[in-house]
Amino acid sequence: MPPSRVIFMVVALSALLHLYVGMRLLPAVEPEGVWLAAVYGLLAVSALLVPAGLLASGFRRLGWSDQLSWAGMLAMGMFSSLLVLTVLRDVTLLILALIGGAGETFDRGSAIAVPLLALAATLAGFFNARRLARVVEVDVPIPGLPKSLHGYSIAQISDVHIGPTIKRSYLEAIVARVNGLKPDAIAITGDLVDGSVQRLAAHTAPLASLSAPDGAFFVTGNHEYYSGASEWIAELRRLGLTVLINEHVVRERGGDGVMIAGVTDYTAHHFDPSHRSDPRAAAAHAPSNVKARLLLAHQPRSAEAAAAAGFDLQLSGHTHGGQFYPWNLFVPLQQPFTAGLNQAGAMWVYTSRGTGYWGPPKRFGAPSEITLLRLVAA
């Protein structure tokens, strides 16, 4: 499909959805004159900003693509809540009509409440998204873990999405907090960037300051493949990170080994056939002293193959914990886990809610996190 047709369809869909919201809310409120024109004007601007924010990268040469992204993503966050609340209001009105009617007071009051609630959710979500991610501490029981490895810690960050609205200062704060945890190892489980090395190298530079005795490790997420995975792999290695491509390293404590393995993103083969995700290859030829097997895999749906390959723990991201309602309801349609510590057979899977955000600077009901995982004897 030609890009021009895709753009037309996106703009048309945005316009229709905004028109739906206007037609469902405004008749109940009955604004007149200047107020009516102002409200329709705001809806029209939003209808254009939402697709413009998604397409802002095409305006890079004009020098204001980041500003357009900010405006578009803020509009998208606001309109998402506005649309959902409008649909919920319509469902409520339909139910009330079936059981005897709601009356004009509810009709008007709910029409006023919808945009106010949408604005409140957007402001709260903006604060939650832009603040420094909280630290979540998790103990993971590993059967047969020797005393030498009890308490071994891994700091995980995931889904930072450095790009149009997340820049160097945001990442610097994350790096400082991770280093302050003093983990044994650091894991970055994909979707670090949204953009090319040329555009974002200055903003990812703080990663060179990550410090842990056993190193900092990275695996690709799907967004790396949208942004030039091979270039990013080379850049992250230049910054001192160990990029794991269906392979592992072993770190020792008192002669006992911890395997830290990593696979490429679950969908990587669609972009580069040589990058097909393979947990079994990542675990191959492990030395006999390995007593704990960890896998870094961007998407939770790698878990079935990882469990079959004999891993004890998989660290993933990708889901953002849903990021904000109602998108959390759709994650289970694609992924086995949305957030937190779960089990896939005998293997543990920890799914991070993400350390940044994608798209709208908005988190509601799914706070960002920096995770500190500790291995403990089961």
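A quick note: this is a predicted structure, and the numbers were derived from the prediction, not measured.
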With sequence neighbours left out, write down each residue that passes salt bridge (charged side-chain N to carboxylate O under 4.0 Å, His left out) with Asp256, or none if nothing qualifies.
-> none
With sequence neighbours excluded, residues passing salt bridge (charged side-chain N to carboxylate O under 4.0 Å, His left out) with Asp139 = Arg374
Under 3.5 Å, is there a donor-acceptor pair between the His320 and His161 side chains?
-> yes
If you link I, L, V, M, F, W and Y whenever their side-chain heavy atoms are under 4.5 Å apart, who else ends up in the same group as Phe271?
-> Tyr225, Tyr226
Classify the ring geometry between Phe79 and His18 as parallel (under 30°), tilted (30 to 60°) or perpendicular (over 60°).
-> parallel
Checking Gln314, Gln156, His298, Gln299 against Thr189 for side-chain hydrogen bond (donor to acceptor under 3.5 Å, both in side chains), the one that qualifies is Gln156
Given a cutoff of under 4.5 Å between side-chain heavy atoms of I, L, V, M, F, W and Y, with clusters grown through shared members, what are the other residues clustered with Trp35?
-> none
Less than 6.0 Å separating the ring centroids of His275 and His269?
-> no
Other cluster members, Leu116 - Ile/Leu/Val/Met/Phe/Trp/Tyr, side-chain contacts below 4.5 Å | Val29, Ile112
Are Lys167 and Asp66 ion-paired here, with the side-chain N under 4.0 Å from a carboxylate O?
-> yes
Remaining members of Val376's ILVMFWY cluster at a side-chain heavy-atom cut-off under 4.5 Å?
-> none
Keeping the roles fixed (side chain from Ser316, backbone from Ala297), state whether a donor-acceptor pair exists under 3.5 Å.
-> yes
Set of residues satisfying side chain to side chain donor-acceptor pair (under 3.5 Å) with respect to Thr267, sequence neighbours excluded = Asp265
Side chain to side chain donor-acceptor pair (under 3.5 Å) with Ser80: which residues, sequence neighbours excluded?
-> Trp327
Flag, side chain of Arg251 to backbone of Pro213, donor-acceptor distance under 3.5 Å | no
Test salt bridge (charged side-chain N to carboxylate O under 4.0 Å, His left out) applied to Lys182 - qualifying residues, sequence neighbours left out | none
Between CE of Met73 and CH2 of Trp358, what distance do you get to the nearest 0.5 Å?
-> 6.0 Å
From Val175, Leu239, Leu171, residue fulfilling side-chain contact (heavy atoms from CB on, under 4.5 Å) relative to Ser209 | Val175
Roughly how far apart are Ile370 CD1 and Leu132 CG, rounded to 0.5 Å?
-> 5.0 Å
Cluster question for you: counting only ILVMFWY and a side-chain heavy-atom cut-off of under 4.5 Å, with indirect links fine, are Leu16 and Phe8 together?
-> no
State whether the side chain of Glu224 and the backbone N or O of Gly221 hold a donor-acceptor pair below 3.5 Å, judged by distance alone.
-> yes
Quick one: do Thr264 and Val219 satisfy side-chain contact (heavy atoms from CB on, under 4.5 Å)? Show the steps, please.
-> CA-CA 6 Å; Thr264 50; Val219 292; over 6 Å; no
Residues in salt bridge (charged side-chain N to carboxylate O under 4.0 Å, His left out) contact with Arg168, at least two apart in sequence or another chain | Glu172
Any pair counted as side-chain hydrogen bond (donor to acceptor under 3.5 Å, both in side chains), so long as it reaches residues 337-348, sequence neighbours left out | none
Thr122 side-chain N/O to Ala118 backbone N/O, donor-acceptor pair under 3.5 Å | yes
Could you note down all residue pairs passing side-chain hydrogen bond (donor to acceptor under 3.5 Å, both in side chains) where residues 84-96 supplies at least one of them, sequence neighbours left out?
-> Tyr20-Asp90, Arg24-Asp90, Arg89-Asp107, Arg89-Ser110
So, are Glu369 and Arg134 salt-bridged, with charged N and O less than 4.0 Å apart?
-> no
For the atom pair OG1 (Thr351) and CG (Leu341), what is the distance rounded to the nearest 0.5 Å?
-> 9.0 Å
